[in-house]
> 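The structure's right below; bear with me while I get my questions together.
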Amino acid sequence: MNRKEDEWLWGWDPTPGIVSVWAEPEGRAIVWRRLPETDALVREDLSFRPWLLLASLEDLGHLGARLRPEGDGPAPHRVTYQELEGPGALRYVIRADDGRTLSSAILQGAARRLGRPLQHLRDLPPEVVFVMPPEEQYLIASGRTYFRDLPFDALHRLQFDLETTGLDPEHDRIFLVALRAPDGSTEVLEVHGDEDDDEAEADLLGRLVARIQAWDPDVIENHNLHGFDLPFLARRAQHLGVPLALGRAGAPGLRQRPSARGASLGGRSDAPATNGAAPGQNGGARTDRQRRTRYTVPGRELIDTMDAVLRHDFSARDLPGHGLKAVARHFGLAGPDRELITGARIHHVFRTDPERVRRYACDDVKEAAGLARLLGGAAFALARMAPRRYERLADAGAATGVLDPLLVRAYLRAGAALPAHEPGDGTSHSGAALHLFATGVAKHVVKADVASLYPSLMREYRIGPRRDRLGVLLALVDRLVDQRLDAKARARAALPGSPERHTHEALSAAMKLVVNSAYGYLGAVGLTRFADVHAANEVTRHGREVLGLLCRELAARGVTLLEADTDGVYFSVPPAWEEADERRVVSEVAALLPPRVHLEFDGRYAAMLSHEPKNYALQPYDGPLLLRGVAFRSRRAEPFGEDFLRRALRCLLAGDIPGVREAYISTVLALRRRTIPTHEVASRVRLTKASSQYIATRTRRRELPYEAMLANGRTHWSIGERIRVYRATGGRAGLLPTPATEESEQEDGDALEGRQGSERTSRDPRDYDVEYYTRQLRETFAARLARALTPADFAAVFDDPGQPSLFTPCLSGARPILTVLQEPQEHRDEAESPVETTATPG
DNA sequence: CATAACCGGGG
DNA sequence: GTGTACGGTTATG
């Protein structure tokens with residue numbers, strides 16, 4: 001039993017060190033392995049028997065004697081079949097020595113049956129035929145997976161980053177490439193001679209290819225590699241007639257593979273639906289739902305750190321943005337001397353200060369390498385389990401990308417027929433519970449939550465897909481949960497920062513990812529093979545019951561419930577309670593929950609402002625204020641307002657209402673005295689229209705950013721350029737020089753010839769519209785404190801300091817309020833079915 | 001003014 | 001082969 005389930009999770013072939021697999025439909029496969037002991041690379045050329053699944057043999061009847069049972073011996077041009085057992089639409093494994101003969105035989109039979117010609121197997125319905133990409137056919141048939149016994153740090157990884165004159169490969173050129181070699185050294189390649197010369201650029205691309213071939217990495221990485229660098233490179237190479245021999249085998253050139261995300265830029269050139277009508281198009285401006293492609297090469301895995309970043313932020317939701325600089329800074333990967341240059345000025349700076357651009361580009365590849373190691377371990381670990389290429393696991397969704405291949409492999413290994421995708425029966429998916437019990441300020445706040453609630457419920461109540469008759473999904477979840485504990489223990493046992501620790505942490509992260517996607521898998525009707533919305537609804541129903549139960553039980557123990565969402569609850573305890581009392585109620589309630597459902601004490605806070613569902617501020621007993629939800633963390637909020645909000649919240653949560661008033665007054669006065677620098681009131685925007693486009697619509701509607709450009713004599717700009725704009729006096733639009741990164745308020749060196757720090761302030765015009773920003777302060781920022789004050793106190797706190805009212809309000813006795821909602825606000829994500837209300841605490 | 005479409009990133 | 005969300009802005013009726 002254990003062995004079988006281990007095979008479901010890990011495959012069964014022990015071959016170590018596979019770093020890349022390339023297979024062709026004709027039945028040839030190349031496997032590159034890095035020998036863990038010697039670091040040497042070995043290449044195996046193999047043949048395999050391509051296979052696919054069919055619902056019936058009728059389309060192969062025309063083969064006559066060439067169609068034989070799998071058990072019969074070899075015969076020339078044979079096509080074999082193996083009948084799988086049990087129910088399931090896809091019940092025949094068909095194999096041949098060449099996958100093309102296989103598909104043409106089926107197409108021929110199906111065309112005859114349907115009376116119309118067929119081009120591709122995908123023209124047949126998925127319940128009739130199922131084919132996987134050749135690499136996956138090979139991995140499933142062989143039981144092999146990537147990276148067995150190989151630590152992440154044994155991979156030979158190379159990063160490269162293009163610096164270009166702009167974003168559009170039709171018109172812009174590559175003038176510099178930074179490379180980071182597998183040994184960690186960096187190198188810069190630059191265009192020699194005339195930058196506007198095709199030959200000079202072609203020569204640069206040739207040198208890039210030569211360096212990659214010389215270093216021969218297993219993996220090529222960069223941030224937005226598939227979204228920018230590869231499609232840009234491919235387009236330029238095509239224009240210049242340079243062969244891109246980036247792979248380890250086969251014809252030079254990048255190949256394309258279909259993908260959900262990825263190239264928004266390179267796909268355009270060969271997307272049939274694109275008519276190129278959009279003027280001033282850049283990479284991001286897609287006019288239709290074109291199918292995206294990604295590039296792939298034999299022998300190397302092309303890894304985009306953006307995918308790892310998105311995957312991380314999907315659960316963590318703590319990143320300030322997804323750009324390389326912001327993420328690197330967030331994770332502490334950016335050094336203190338990190339060179340920053342605004343994107344639009346890189347080429348310009350290169351002409352006057354090339355050394356700065358070299359530093360910048362090298363910092364980019366170093367950060368991309370750091371990011372790839374920090375966040376890429378999960379995909380690396382997934383590649384040890386799932387029968388897919390590493391590069392595909394890096395950008396795949398966990399449900400269709402990881403669980404589906406695991407399930408397919410398990411069923412075939414067991415010789416069991418595979419169900420086809422099934423459309424839903426119309427039952428809608430009911431979601432989690434969300435309760436808002438109180439708004440305003442509460443003190444002595446505790447957060448308790450259930451770790452991995454949904455997988456725990458699936459395990460506890462044995463809820464799996466109805467059609468998964470082998471119980472593979474639950475078996476995988478069970479094993480992943482158990483083995484994850486083991487991986488976590490090993491990670492803890494290893495030296496911090498060591499390769500072993502990194503590998504075990506990555507494994508643990510990957511396992512968590514898969515476990516948590518098991519529930520999503522159930523609900524993805526039409527997308528996943530075994531989707532079962534009834535099972536998914538059963539999970540959420542138990543989840544709502546558990547949340548309701550724990551809320552009731554907590555309330556019965558004398559706490560005040562604040563907000564509960566899916567698997568966690570915030571509540572406030574009586575002032576006399578100690579932390580031990582807080583922990584005691586949590587464990588008392590935990591004991592009442594089902595065995596696998598573990599309620600945990602997750603944190604304690606001095607105070608909380610509950611604003612709206614999923615929008616709150618927390619003041620830890622020590623440490624900085626925590627803001628959650630869009631109301632408190634808006635990416636484009638003006639810095640002066642954010643700053644005010646933080647100061648006001650800190651006072652508010654300390655019960656200091658006069659302090660809130662003071663924060664407000666000082667901000668208003670600072671605006672009026674113009675002691676707030678202009679960049680603090682400016683907002684960052686992106687220009688999405690070309691100047692000609694804007695001028696065409698300008699009479700109908702004026703837009704601040706473009707007005708700011710025009711008013712500052714900027715009549716030309718590129719789409720996507722980021723600027724800082726503000727409202728200036730007299731209805732004018734103000735424009736500020738953009739610092740190199742969103743977060744950086746450091747001087748923007750290249751804008752200031754001579755680099756005098758004081759120059760910036762002396763240049764600050766300070767001509768912003770004070771009244772506009774005062775109103776903004778009151779209406780959008782102060783408004784977020786409304787729940788915490790009585791209407792009278794709110795009016796007094798945010799009374800205009802310049803126009804003293806008749807009553808000088810006395811705030812010294814004012815206290816923040818907490819309003820316990822009579823009817824707690826009940827929400828349910830995607831709720832369509834009748835709502836069972838959770839009993840409210842007494 | 002409401003709803004639909006589109007964006008996130010890269011130089 | 002399939003797909004990630006979701007909150008915010010801009011385009012359009």
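These values consider heavy atoms only, across backbone and side chains, with no hydrogens, waters or symmetry-generated copies. Just so we're on the same page: letters track the sequence lines, and every chain starts at 1.
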> Heavy atoms only, 4.0 Å cut-off, all strands: where does A:Val131 land among base, sugar-phosphate and nothing?
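Here A:Val131 touches the backbone only, sparing every base.
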
> Side chain of A:Lys325, heavy atoms from C-beta onward: which of C:dG1, C:dG3, B:dG11 has the nearest atom to it?
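Selected nucleotide (nearest to the side chain): B:dG11.
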
> For a quick check of understanding: with a heavy-atom distance under 4.0 Å over all strands, which category does A:Arg236 fall into, base, sugar-phosphate or nothing?
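No contact at all - A:Arg236 keeps every heavy atom at 4.0 Å or more from the nucleic acid.
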
> Return yes if the base of C:dG3 and the side-chain atoms of A:Thr400 contain a donor-acceptor N/O pair under 3.5 Å, otherwise no.
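Between C:dG3 and A:Thr400, which were checked side chain against base, a qualifying N/O pair under 3.5 Å is present.
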
> Would you classify A:Asp304 as touching base, sugar-phosphate or nothing, given that sugar-phosphate means primed atoms plus P, OP1 and OP2, and contacts are heavy atoms under 4.0 Å?
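Contact class for A:Asp304: none.
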
> Which nucleotide sits closest to the side chain of A:Asn224: C:dT4, B:dG10, B:dG11?
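For A:Asn224, the side-chain atoms sit closest to B:dG10.
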
> In whole angstrom, what separates A:Asp168's CG from B:dG10's P?
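Distance, rounded to whole Å: 17 Å.
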
> Please classify the nucleic acid contact of A:Asp404 as base, sugar-phosphate, or nothing, using heavy-atom distances under 4.0 Å.
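Nothing, no nucleic acid heavy atom in range.
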
> Quickly work out the A:Asp364 CG to B:dG11 C1' distance and round it to whole Å.
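Value for this atom pair: 10 Å.
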
> Could you give the CG-to-P distance, from A:Asn615 to C:dG8, as a whole number of Å?
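From A:Asn615 CG to C:dG8 P: 9 Å.
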
> Given atom CG of A:Leu167 and atom P of B:dG8, what is their separation to the nearest angstrom?
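My rounded result for the distance is 11 Å.
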
> Decide yes or no for A:Thr540 and A:Tyr454: does some side-chain heavy atom of the first lie under 4.5 Å from some side-chain heavy atom of the second?
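Contact flag for A:Thr540/A:Tyr454 side chains = yes.
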
> Can you tell which of B:dG11, C:dG3, B:dG10 lies closest to the side chain of A:Ile346?
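Selected nucleotide: B:dG11.
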
> Just checking A:Leu324: base, sugar-phosphate only, or nothing, at a heavy-atom cut-off of under 4.0 Å?
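Since only primed, P, OP1 and OP2 atoms lie under 4.0 Å of A:Leu324, the category is sugar-phosphate.
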
> With a non-hydrogen cut-off below 4.0 angstrom, is A:His421 in contact with a base, only sugar-phosphate, or nothing?
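Base contact - A:His421 has a heavy atom under 4.0 Å of at least one base atom.
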
> Just to be sure I understand the rule, does A:Pro126 reach a base, reach only the sugar-phosphate, or reach nothing, if contact means heavy atoms closer than 4.0 Å?
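Since no nucleic acid heavy atom lies under 4.0 Å of A:Pro126, the category is nothing.
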
> How close or far is atom C1' of C:dG7 from atom CG of A:Asp313, stated in whole angstroms?
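About 13 Å, once rounded to whole Å.
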
